[in-house]
Amino acid sequence: MTTLRIPADEAGARALQDTLRTRVVLDEPGPPPGTGTVTGVDVAYDDERDVVVAAAVVLDAATLEVVAEATATGQVTFPYIPGLLAFREIPTVLAALESLSADPGLVVCDGYGQAHPRRFGLASHLGVLTGLPVIGVAKNPFTFSYEQPGPHRGDRSPLLDGDEVVGQALRTQDGTKPVYVSVGHRTGLDNACAHTLLLARGFRQPETTRRADALCRRALREATGRGPARAPGPGA
DNA sequence: GCGACAG
DNA sequence: ATCTTGTCGC
């Protein structure tokens with residue numbers, strides 16, 4: 001496990017990405033889809049107090065049942081800057097991953113891996129730091145061009161940086177927007193798409209992401225007191 | 001210089 | 001990411 005570093009400024013952050021990207025492993029296929037465990041990671045923020053909560057949820061890859069989960073709380077130490085997302089999220093995500101009681105298997109995170117201006121998005125950064133196979137499944141497009149994939153679940157089209165394929169726009173449900181899949185570390189792109197489809201059986205987003213999202217939001221509410229006031233019921 | 005821009 | 005009502009569709 002590589003030591004975590006948070007640069008003091010943007011230039012330092014970009015330089016560190018250029019250094020660490022040499023350690024990304026792209027010639028492994030990754031774990032076979034549907035076997036072992038898969039782990040979703042996500043974070044939630046409280047902008048008022050600069051608090052961030054990360055969640056890691058381990059699922060059985062065959063049944064999608066929860067095997068283990070963990071959360072971690074931290075202070076926000078880096079602003080959101082497109083291209084530098086990892087520096088904002090990774091410290092707390094690492095803490096959550098480290099306190100898991102089960103083998104994470106393949107890690108699925110929000111955001112990108114290779115589909116990044118310096119080929120070193122969150123998924124790649126997390127992979128290099130942990131040594132784990134990691135893929136990125138993002139909800140919105142970023143730095144690349146692509147054609148709209150076909151309308152059905154499983155349809156895809158490549159994310160292109162020039163003529164280099166850096167990911168896939170993948171339709172996980174008929175009639176919904178695609179998700180954007182890219183490899184982070186120690187996984188192949190076709191395999192990453194296969195995992196994503198198996199994990200997104202009932203919804204647009206992978207079950208890993210949905211579970212981790214729900215958990216870190218709940219943990220944030222409990223850590224920060226009341227979040228947004230719930231609508232008062234008719235009986236109030 | 002301007003706009004776009006994962007979460 | 002987060003705030004936030006109603007509304008459209010199955």
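Side chains are part of it too, since the values below use all heavy atoms of this structure and drop only hydrogens, waters and symmetry mates. Numbered from 1 within each chain, the chains take letters A, B, ... in sequence-line order.
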Here the distance between atom P of C:dG9 and atom CD of A:Gln173, to the nearest Å, is 19 Å

Generate the contact string for nucleotides 1-7 of chain B. Rules: B means base contact, S means sugar-phosphate contact only, - means no protein heavy atom under 4.0 Å.
----BBB

A:Leu220: which other cluster members, linking ILVMFWY side chains closer than 4.5 Å, directly or transitively?
A:Val51, A:Val53

Is A:Arg217 salt-bridged to A:Asp213, cutoff N-O under 4.0 Å?
yes

A:Gln168 side chain to A:Arg156 side chain, donor-acceptor N/O pair below 3.5 angstrom:
no

Could you check whether A:Tyr80 and A:Tyr45, counting side-chain N and O atoms only, form a donor-acceptor pair closer than 3.5 Å?
no

For A:Asp47 and C:dT2, give me the distance from atom CG to atom C1', rounded to whole Å.
7 Å

Student check: side-chain heavy atoms of A:Arg119 and A:Val24 closer than 4.5 Å:
no

